[in-house]
Each structure stands twice: as C-alpha cells, then as structure tokens.
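Following: one structure in structure tokens, then a few remarks.
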Amino acid sequence: MLIDTHAHLYSEEFDPDRNEMIERSIRNGITKMILPNIDEDSVNGMLCLSDQYPNNCFPMIGIHPTSVTTAYKSQITQVEKWLSKRKFTGIGEIGIDLYWDKTYQKEQEDAFRIQLKIAKSEKLPVVIHVRDSFTEVFRIVDEEQNGQLKGVFHCFSGDAIDARKVFGLGFHIGIGGVVTFKNTNLREVLKETGLEYVVLETDAPYLAPVPYRGKRNESSYLTLIAARVSEATGLSEEEVARITTENAERLFGI
Ligand code: NI
C-alpha cells in the first residue's frame, strides 16, 4: 500500500476517465490520495471527488502561490469559510513561486505567512510549493515555526544540505516523478538522508515518471516512483511502502 500525498485528480485532464483512473490507482495499491487545492475555482471539483471516495480521496484547502492576487485577503477569507464548514486534511498547496512571475512576490509572501498561521490555529499540516524561492520560503517557515508547524516541501528539488534544512524545520520532503529522471541528484540525496522524513507524491497530472515523462501523470504511477526510491536507498519496495505510508499517515492523520 502507498499514499499519494499530492495529486490534482479533479483537474480537467481527467475528465474523460476520472473514475477508471482512480479505481486503477486503488487496484495498484494506492489506496489514499491527498488532493491539494489551487484556488476558489478548484474547490468544488475537489470536494465532489472527496465525497465520492471518502475513504480514498482527502481534500486540502489553501491558495496556490500562482493564484495569489492583490485580492489575497478576501481569497484567504474564503479559505477560512471552508475550514469552518467541513474537515480538511491540510492547508495546501501554499508557498512561493518566483519562476513564472515576481509581480506579486510581496502578496505571495504575505498570503503564505497568513496561511501558515491558519495551519497553526487549525492544527493542520501544510503542503508547500517552492519554486525559485527556497530562501524566502525557508525564512518565513523558520519565523513562523513555534513547534506546531509541520508539513511537506512538495516536489523537493534541492540537495542534501537543503534536505537537512527542511528536516531541521520539522518538515518532510515530498518525492515524485523527478526521482526517475536521468538528470537528477535526488537519488543521491535520498541515499544520504534515508526515508525518515520522506513522503511520496505524483503531482498528477504533472511530472509523470519515466517511462511516461511528458505524458499525463496519474496516482497509479506512484509504484514507479517507489521502485526508483527503493533502488536509490537499497531498501526493499515493501520497506519503502511501509516507511513512507507511516510517515504520510502520521503527518496527515489519515
Ligand atoms: Ni501541486
């Protein structure tokens, strides 16, 4: 059994075959899938799917950094409204993305910080999107960490030094399809750090692992990611599944 800790299964890429795709994933042993929200437009599809598969699909709530606008305060008010209405598995995905656009850097940083504070008051884990922003994200999490914050640096892409910084903050790293790519240092990083603070994820429909690189990703491909992690660490696939599943269950309370 494996847990996909990051999958946008409500995306329109899955409109033609969403139910078959989810059932295929469950048959392949990926029995739990955590759904990160993007913004106000993705909430309804995400919640429909969670209601349809209450034992398999677990929703999070939050505003993705690339969706943050100057109206971020009212965007976050909506997040708080949702939190008062139903149960969510975490706050996500949130973070800072300076790769596409730096226009709203100030707003992104403030929105990120406010959502970290919400996570603390709700006692929920956070899932953090970091792109060209490790320094900024690290500084803000460090400032907000009062011993209560926990979560995942999703789609981790740093080196072993960065990984240790993440662990030092009390956080986990999320490992996905990139670990199967030819040009990546992630396998060396995992060999060095082990799996004590690692969870697995697909980021479906994006970042499909080899041999599906460039195609649509789905949760059932998590087995390909786990196999590569097993090779990199020298642990059996059963051990990889056991350790990463326990980490995800403990972290997200599922
Ligand atoms: Ni994502």
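Each ligand, and each atom within it, is numbered from 1 in the order the structure gives. What you see below is based on every heavy atom in this structure, not just the backbone, and it leaves out hydrogens, waters and symmetry mates.
Figure legend: Lys165 and Phe138 shown as a cation-pi pair, the cationic atom lying under 6.0 angstrom from the six-membered ring centre and within 45 degrees of its axis.
Glu93 contributes atom OE2 as its closest N/O/S atom to the Ni ion (ligand 1). Between the Ni ion (ligand 1) and the N, O or S atoms of Asp203, the shortest distance is to OD1.
For a distance bound of 2.8 Å, the N, O or S atoms of His6 include one lying that close to the Ni ion (ligand 1). Residue His8 counts as close to the Ni ion (ligand 1), with an N, O or S atom under 2.8 Å.
For Gln145, the side chain to side chain donor-acceptor pair (under 3.5 Å) criterion is met by no residue, not counting sequence neighbours. For Phe156, the ring pair (Phe, Tyr, Trp, His ring centres under 6.0 Å) test picks out no residue, with sequence neighbours left out.
A salt bridge links Glu231 with Arg228: at least one charged nitrogen is closer than 4.0 Å to a carboxylate oxygen.
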